[in-house]
Amino acid sequence: MPGFPTLIMKLSIGMYFFNVIHRGNDMSLTRRRFLGWIGAAGAGTLLGREANAAANVHFKGYPDSFAVLHDITLCVGCRSCEAACNTVNELPAPDKPFKDLTVLDQRRRTTAKTYTVVNRFQNETGGDKPVFVKKQCNHCLEPACASACFVRAFKKSPEGAVTYDHSVCVGCRYCMVACPFEIPTYEYDQALSPRVMKCTMCHPRVINGQLPGCVEACPKEALTFGKRKDLLDLARERIRKNPARYIDHVYGETEMGGASWLYISGVPFSQIGMREDLGVTPAPELTAGALGAVPIVVGLWPVLLTGIYAITQRKEKIAAEESRQAVMEAVSRERTVSEKEMAAAIEKAQKDKEAAIKQAVKHALDDAAKKQQEVKS
Amino acid sequence: MEGGFFTLQDFMTFTKGITYILMIISLCAMVGFWLFLSERDTDQTVEEPRHHE
Amino acid sequence: MSEHTISVNKSVLTPFNLVAGVILLVGTVITVLRFTGGLAAVTNLTDDNPWGIWIGFDLLCGVALAAGGYVTSAAVYIFGLKRYHSAVRPAILTGFLGYALVVFALNYDVGRPWRLPYPFVVQQGTTSLLFEVGACVALYLTVLFIEFTPAALEWLGLKRARTLVVRLTMLLTIFGVVLSTLHQSSLGALYLIAPSKLHPLWYSGYIPVFFFVSSVIAGLSMVIFESSLSHHYFHHKMDETHLRENTGVTLGFGKAASLVLAGYFTIKVIGVSVANNWHYLTTGYGAWFLVEMLGFVALPCFLYAVGVRDKNITLIRWTSAWTVLGIVVNRLNISLIAFNWQLPSDQRYFPHWMEIMTSVFIVTIGILVFRFIVTRMPILYEHAEYK
């Protein structure tokens, strides 16, 4: 079903409903094309994945995907590929015409108006001929841009292209941060509908059986289109047959997990603007550890925090209990003390009273005796 | 390999998707389970109002 | 509540208000330019430097410095440190405003802000750390909002709603800590995918842990820093409990910050060792790394310790400001200064003045809203009816 949203599924988890539309823009081959948390809804397909979901999995990429081999030794810097790219992708006209080779004086990168550029480098390993290198999206087997995108706007297609869907793009530009080859560009001058711009490997042409624009236009056969595994063989064969002409390395075979653009060169790649320090780790693996820690935190943090809370509560309760007991003891001790005092006081009071009565009686007797004497005298 | 994964990226998209669903479920379940666990504690801890009433 | 001693000039035309007014005006003009001319009209962003200070400062620093909310509520409600209770509301308010402004600022930075819900409702990019950050920030902003509502509800006199929310305190606190742990660390993990662009001294497999631990430091320091500012400007709004507990909060949080800084220093050194990055220390970037490590981690750790031992509140307050600055330095190092370190200097990024002005504009909005709320709602004092 070319060009249409291919699958609409509704997943209900408790009270949540997610409406998710898959907007694949690839138009060939029926296959499982639909992933993400909505994938859980298609539970039937889970079983089929068992073999691949084993712990020690190695993903080799789509088996019959296409690639391009760029033989840097053959490139003459004519910029025909740039012109063809501009035409087939209907990009805006360049500032200087493609025939003007003075633009090669400056090192360029891809821009929102140019998906591909050819750069000229001095040959540092001898030979007076300069080296020309074409630069465009390498269409990684495990694209960093796709791994970084939080709306899945990027997708590695089975044909080899890494495609971009501007209809979902939010414009966070994390793909540009993530790309080790500094390929994606942005339409910064667009106020309302800026897009990420990058080479599409002419995906619409390829699925119609055509060659990518640049490959078709190259007059020197510096670009070869074919199945990736065949191109790897071809590249190795060229190196084997002409060990003096080539460096013994196929750039793109393993870089960042491998790419669908392969390069062979007569000079070290680091001398012609291609980084050799990227390593062989595929981009998704770089973040796998951090992503894996997320559910563990979600699973265990509430346990830990509730545990600490419960312990705190319990301690407080015990402390409160203890202090209450202490108060009670103090009060009761106080009470016994005061009772004793009271008793003593009462006793004293009684004694006082008795003494007072005695005194009063004595007084009265004395008074009476005095009166009797007065009467007698 | 119909139904299988050819790229790590696709595999992770799928598994992380399920993990996110599980995380939402587990967070909700955890609250319920704590209520179940401490439901009859009230006679022991009377003084503080609980967050789960 | 203490008596109102309103010594503030009654006139609206205070110098502060005038400056704030000018900033708001300029900010509004820039906003119009941004949404009519695109990012190119107001920023120095390029294809090589897709993230500028709107991410480096507004997002990374904003989120880190808003960590006071979860740190304080965890200390009081989970760890049971009830003597810090009067610090909770200001911290929650600062946190809520911080996150609200982060989300507000993101609307300037992303190309099509109206699509910000797309990752959750249209297509889920579950392999992206940014998806994780987005989900957590959205949820945590909601949590902070609910945690803040009791103050507003008391102000509005809605007793029943207030009681309902207060009952959720524990649940919200635990949720808040879980979500904060996740997105504070994931903000650091955003850079895991770009080992070829971030300088090795700052790039580390431990970067999520570094971000989380330093967010605790940021949270503790911001509570002290913010409370000393409030003490100065909103003294008349504070009740006796708040004033009495303030010294304890400053000492306690200063001690905690010192301890966490010591741990942070240790794991940062281990990060250098594990990647065998010692030789970079002799380079220019190494010198700058040492400035960050010694000047903004080891020094405040020591100063906090001295301040706590000597019960020197003034020293602790100044140290908190220095530590907050240190967090900003760290976040800017990772997002801008040590990022794209291999690019030639003419391709490096320096913010456009309108980018800086937008950040100032957003911070100003935060201060104004904070002032509006603090002078009206029971934040720095307890409402008489709910003691």
Side-chain angles (χ1 to χ4, degrees), chain A residues 18-23 36-38 109-112 144 146-153 168-174 176-178 180 182 184-194 275 277-279 283-284 286-287 289-291 293-294 297-298 301-302 305-306 308-309 312-313 315-316, chain C residues 34-41 43 45-48 50-51 74 77-80 106 109-113 115-116 118-134 170 173-175 177-178 181-182 185-186 188-197 205 207-208 339 342:
Chain A
F18 298 103
N19 287 317
V20 187
I21 301 160
H22 175 64
R23 295 152 186 261
W37 61 19
I38 14 72
R109 61 154 291 158
T110 54
T111 70
S147 176
C149 183
F150 68 165
V151 279
R152 269 191 287 144
V168 291
C169 179
V170 182
C172 70
R173 308 186 298 286
Y174 188 28
M176 298 165 70
V177 169
E182 291 166 350
T185 66
Y186 200 61
E187 294 181 315
Y188 286 107
D189 52 352
Q190 294 290 317
L192 297 174
S193 55
R275 292 184 65 170
D277 59 348
L278 298 176
L286 293 169
T287 54
L291 279 172
V294 169
V297 170
V298 171
W301 241 224
L305 297 171
T306 314
I308 293 172
Y309 167 70
T312 317
Q313 289 297 106
K315 272 189 180 166
E316 269 176 22
Chain C
R34 154 69 185 88
F35 289 102
T36 52
L39 286 163
T43 70
L45 297 175
T46 62
D47 292 329
D48 288 321
W51 284 358
Y77 296 124
I78 295 175
F79 293 87
L106 275 182
D109 187 76
V110 303
R112 309 194 204 197
R115 284 184 177 178
L116 276 172
Y118 271 32
F120 313 111
V121 294
V122 176
Q123 222 166 241
Q124 294 77 26
T126 48
T127 56
S128 173
L129 261 316
L130 199 59
F131 177 82
E132 210 274 320
V133 170
M170 269 318 297
T173 305
I174 290 179
F175 261 57
V177 177
V178 172
T181 310
L182 293 176
S185 55
S186 293
L190 286 181
Y191 290 90
L192 281 176
I193 205 161
S196 59
K197 294 186 182 174
I207 198 169
F339 191 79
Q342 286 172 322

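Here is the naming used below: chain letters follow the sequence lines, and residue numbers restart at 1 for every chain.
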Residue, of [options], that accumulates the most heavy atom pairs under 4.5 Å with chain C:
options: A/Val177, A/Thr287, A/Leu291, A/Asp189; result: A/Val177
options: A/Val151, A/Leu286, A/Thr312; result: A/Val151
options: A/Thr110, A/Leu192, A/Leu305; result: A/Leu305
options: A/Gly279, A/Ser193, A/Pro184; result: A/Ser193

Segment of [X] engaging chain C (4.5 angstrom heavy-atom cut-off):
X: A/Thr111; result: both
X: A/Cys149; result: backbone
X: A/Asp277; result: side chain
X: A/Leu278; result: side chain

Between [atom1] on residue [X] and [atom2] on residue [Y], distance to nearest 0.5 Å:
X: A/Tyr309; Y: C/Ile174; atom1: OH; atom2: CD1; value: 8.0 Å
X: A/Arg152; Y: C/Thr127; atom1: CZ; atom2: OG1; value: 8.5 Å
X: C/Leu129; Y: A/Ser147; atom1: CG; atom2: OG; value: 8.5 Å

Least distance between heavy atoms, [X] atom then [Y] atom:
X: C/Leu192; Y: A/Ala290; answer: CD1-CB, 3.6 Å
X: A/Val168; Y: C/Gln123; answer: CG2-NE2, 4.1 Å
X: C/Val110; Y: A/Cys172; answer: CG1-CA, 4.1 Å
X: C/Ile193; Y: A/Ala178; answer: CG2-CB, 3.5 Å

| query | Can you name the salt bridge (charged side-chain N to carboxylate O under 4.0 Å, His left out) partners of A/Glu182, sequence neighbours left out? | reply |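 Residues passing salt bridge (charged side-chain N to carboxylate O under 4.0 Å, His left out) with A/Glu182: none at all.
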Can you tell me which of [options] forms the most heavy-atom pairs within a distance under 4.5 Å of chain A?
options: C/Pro195, C/Gly37, C/Ala189; result: C/Gly37
options: C/Pro50, C/Ala40, C/Ala41, C/Gly38; result: C/Pro50
options: C/Thr46, C/Thr43, C/Ile207, C/Val133; result: C/Thr46

Portion of [X] that has a non-hydrogen atom of chain A nearer than 4.5 angstrom:
X: C/Ser196; value: both
X: C/Thr173; value: neither
X: C/Phe35; value: backbone
X: C/Phe175; value: neither
X: C/Leu190; value: both

For the residue pair [X] and [Y], establish whether any side-chain heavy-atom pair is separated by less than 4.5 Å.
X: A/Tyr188; Y: C/Asp47; result: yes
X: A/Pro194; Y: C/Leu39; result: no
X: C/Leu45; Y: A/Tyr186; result: no
X: C/Trp51; Y: A/Tyr174; result: yes

| query | Quick one: which of A/Val297, A/Val294, A/Val298 gives a side-chain contact (heavy atoms from CB on, under 4.5 Å) with C/Thr181? | reply |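 Of all the options given, the one that passes is A/Val297.
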| request: State whether the side chain of C/Arg115 and the backbone N or O of A/Gly171 hold a donor-acceptor pair below 3.5 Å, judged by distance alone. | output: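 Flag not set: sc C/Arg115 to bb A/Gly171 has no pair under 3.5 Å.
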